[in-house]
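In what follows, every heavy atom counts, from backbone to side chain, and hydrogens, waters and symmetry copies are set aside.
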There are 2 protein chains.
Amino acid sequence: MALEHAILVSLLEKPGSGYELARRFDRSIGRFWTATHQQIYRVLNRMEREGLLAVREVPQQGRPDKKEYSVADPGRAALSRWLHEPIEPESLRHDLAVKIRGTAFDDPAALIGEVERHRAAHCDRLAHYLAGELRDFTGPDAPAPLDAGQELQHVVLRGGIAYERMTIAWLDDVLATLHTLGTKASDVAAPQGSTPAPSA
Amino acid sequence: MALEHAILVSLLEKPGSGYELARRFDRSIGRFWTATHQQIYRVLNRMEREGLLAVREVPQQGRPDKKEYSVADPGRAALSRWLHEPIEPESLRHDLAVKIRGTAFDDPAALIGEVERHRAAHCDRLAHYLAGELRDFTGPDAPAPLDAGQELQHVVLRGGIAYERMTIAWLDDVLATLHTLGTKASDVAAPQGSTPAPSA
DNA sequence: CTTGTCTATGCAACGAGTTGCATAGAAAGC
DNA sequence: GCTTTCTATGCAACTCGTTGCATAGACAAG
């Protein structure tokens, strides 16, 4: 279970409540993992039961009390053990790629809007990552010599930036392909079923 | 549920049994999705019950009989409906990125082997994709004018190629970072717990 | 003064995905 | 003769992940 390890890393970087973790996972520049607050609360409870985490009730005023979690020694040991285990290179699950191949059996032009939406979302993320990089690592307000943790966060962020740039370029390629197919529209695989293609 | 849609696309491209689907999902050059045979059999059964697929028992000699699935009209319609729905841009879940950030609380040098292993795996995949591209799309044995389905498969494959190239370059960046941190080893975040760092 | 948003936590139910095991005939290698 | 590998399907049990709902006080906008 990698969520467990992601939580350990995040809590080592900075202790916090389930709510705060959920927001970090949502909005963190390093955005290397996603999880809903439900999942996080459930895993936090389990990890606390197993002694991996320590909890501290923090009373607050003007807002509900919170439970601040931090990593206990067994949690640190568990993380260390995981770091020394080999893991499998991840396998992609890319919905949009499924849609692109699926559009061979539908109207290619109909996918253009969707691809453009995705492209815009990836441009947003890229801008967000670049702003974060400037703020935390390469700008004038960044700490002068970065420590090891910051260097590692930076290299992960560079990965995110490279990913977004690559994806945007690929989506441009996809759009060009869809436009080309749109012009010579009629060589779409003939639908055998309920949705006959209007022959322009 | 995107597995359902991936199965529809794959069966439209070519009908086949659960076993064959599992192998396609495993080894397909387009490798856009992963699933175990268990999951595939279960979903195939459900989709058949729902009338999305048609089955044909195919007796074979020298090997067990198989059930060849193909897409029925309602399945085609379901795919078409899904293609016209917007989907969210996928969110990454990158174990290795978690490990990289986690190594701030451990020995950075210990991760080098792991990262090299991943790099090698991505190089293999890239070689595999490039071979497939040459065979199916750009080489002398490829069909001369590609039809729409092939163009779309090609652009998805180009995405896979771009992803692997980007990843390999990023892993080189990661390795360089880890080596740099290895030389100035002692500014690792001081462990507070059970694993004291050996000061080189 | 009502609606909506933000902080903060959680239950219940469901769906997605994994792991281990079982069956069973054919072929290939040791 | 034995083990392993390949084809082919499936059950059972489990964990992981999502969705909908509930609570509850504080604050801001209309």
Side-chain angles (χ1 to χ4, degrees), chain A residues 1-8 11 15-27 32-50 52-53 55-69 78 82 87-88 90-95 98, chain B residues 1-8 11 15-27 32-50 52-53 55-69 78 82 85 87-95 98:
Chain A
M1 186 195 315
L3 176 56
E4 184 177 309
H5 305 293
I7 287 176
L8 286 171
L11 288 180
S17 67
Y19 188 82
E20 283 161 1
L21 276 175
R23 301 180 82 243
R24 280 188 223 172
F25 277 61
D26 254 24
R27 305 182 191 177
F32 50 76
W33 204 264
T34 46
T36 61
H37 74 276
Q38 290 306 335
Q39 226 184 315
I40 290 168
Y41 282 123
R42 208 193 307 155
V43 174
L44 282 174
N45 280 322
R46 202 205 56 222
M47 289 171 78
E48 192 206 334
R49 275 203 311 279
E50 291 171 353
L52 304 179
L53 301 179
V55 203
R56 202 167 57 92
E57 291 267 348
V58 179
Q60 298 186 115
Q61 48 195 12
R63 58 185 61 180
D65 297 355
K66 67 175 180 179
K67 299 184 190 172
E68 195 184 72
Y69 291 90
W82 178 68
I87 52 172
E88 288 304 300
E90 4 10 84
S91 37
L92 294 176
R93 293 197 174 178
H94 207 302
D95 295 73
V98 178
Chain B
M1 184 194 318
L3 176 56
E4 184 176 309
H5 304 293
I7 286 176
L8 286 172
L11 288 181
S17 68
Y19 188 81
E20 283 161 1
L21 276 174
R23 301 180 81 243
R24 281 188 224 171
F25 278 59
D26 254 26
R27 305 182 190 176
F32 50 76
W33 204 265
T34 46
T36 61
H37 74 275
Q38 289 308 334
Q39 226 184 315
I40 290 169
Y41 283 122
R42 209 193 307 152
V43 174
L44 282 174
N45 280 322
R46 203 206 54 223
M47 289 170 78
E48 191 206 333
R49 274 202 311 279
E50 292 171 353
L52 304 180
L53 300 180
V55 204
R56 201 167 57 92
E57 292 268 347
V58 179
Q60 298 187 118
Q61 49 194 13
R63 56 185 60 179
D65 297 354
K66 66 175 180 180
K67 298 185 190 171
E68 194 183 73
Y69 290 90
W82 178 67
E85 269 168 25
I87 51 171
E88 288 303 300
E90 11 1 270
S91 37
L92 294 177
R93 294 195 175 179
H94 208 302
D95 295 73
V98 178

Inset, instruction - First locate atom CG of B:Leu53, then atom CG of B:Asn45, and finally report the distance between them rounded to the nearest 0.5 Å. - result: 10.0 Å
Legend entry - Rounded interatomic separation in angstrom, taking CG from B:Asn45 and P from D:dA12: 13 Å
Legend entry - Span of DNA chain C, from the first to the last nucleotide whose atoms fall under 4.0 Å of chain B heavy atoms: C:dA16 to C:dA26
Inset, instruction - Start with the C-alpha distance between B:Glu4 and B:Arg46, add both sets of side-chain angles, then the distance that settles salt bridge (charged side-chain N to carboxylate O under 4.0 Å, His left out), and finish with yes or no. - result: CA-CA 10 Å; B:Glu4 184 176 309; B:Arg46 203 206 54 223; 2.4 Å; yes
Legend entry - Side-chain touch A:Leu8/A:Met47, heavy atoms, less than 4.5 angstrom: yes
Legend entry - B:Asp26 CG to D:dC6 P, straight-line distance once rounded to whole Å: 12 Å
Legend entry - Along DNA chain D (nearest heavy atom to each residue), the more 5'-positioned of A:Leu3 and B:Lys66: B:Lys66
Legend entry - Partner set under side chain to side chain donor-acceptor pair (under 3.5 Å) for B:Gln39, not counting sequence neighbours: none
Legend entry - Under 4.0 angstrom between A:Arg46 side-chain N/O and D:dT15 OP1 or OP2: no
Legend entry - Exercise: identify the closest heavy-atom pair between A:Thr34 and A:Phe25: C-CD2, 4.4 Å
Legend entry - Nearest-nucleotide 5' precedence on DNA chain D, B:Arg23 against B:Tyr69: B:Arg23
Legend entry - First of A:Gln38 and B:Thr36 reached from the 5' end of DNA chain C, by closest nucleotide: A:Gln38
Legend entry - Atom-pair distance (CG on A:Asp65; C1' on D:dA24), nearest Å: 12 Å
Inset, instruction - Say whether, by atom type as modelled, one donor and one acceptor occur between the side chain of B:Glu20 and the main chain of B:Ser17 under 3.5 angstrom. - result: yes
Inset, instruction - Please tell me which of A:Arg42 and A:Pro64 maps to the more 5' nucleotide of DNA chain C, matching each residue to the nucleotide holding its nearest heavy atom. - result: A:Pro64
Inset, instruction - Could you state the atom-to-atom distance from CE of A:Met47 to P of D:dC16 in whole Å? - result: 12 Å
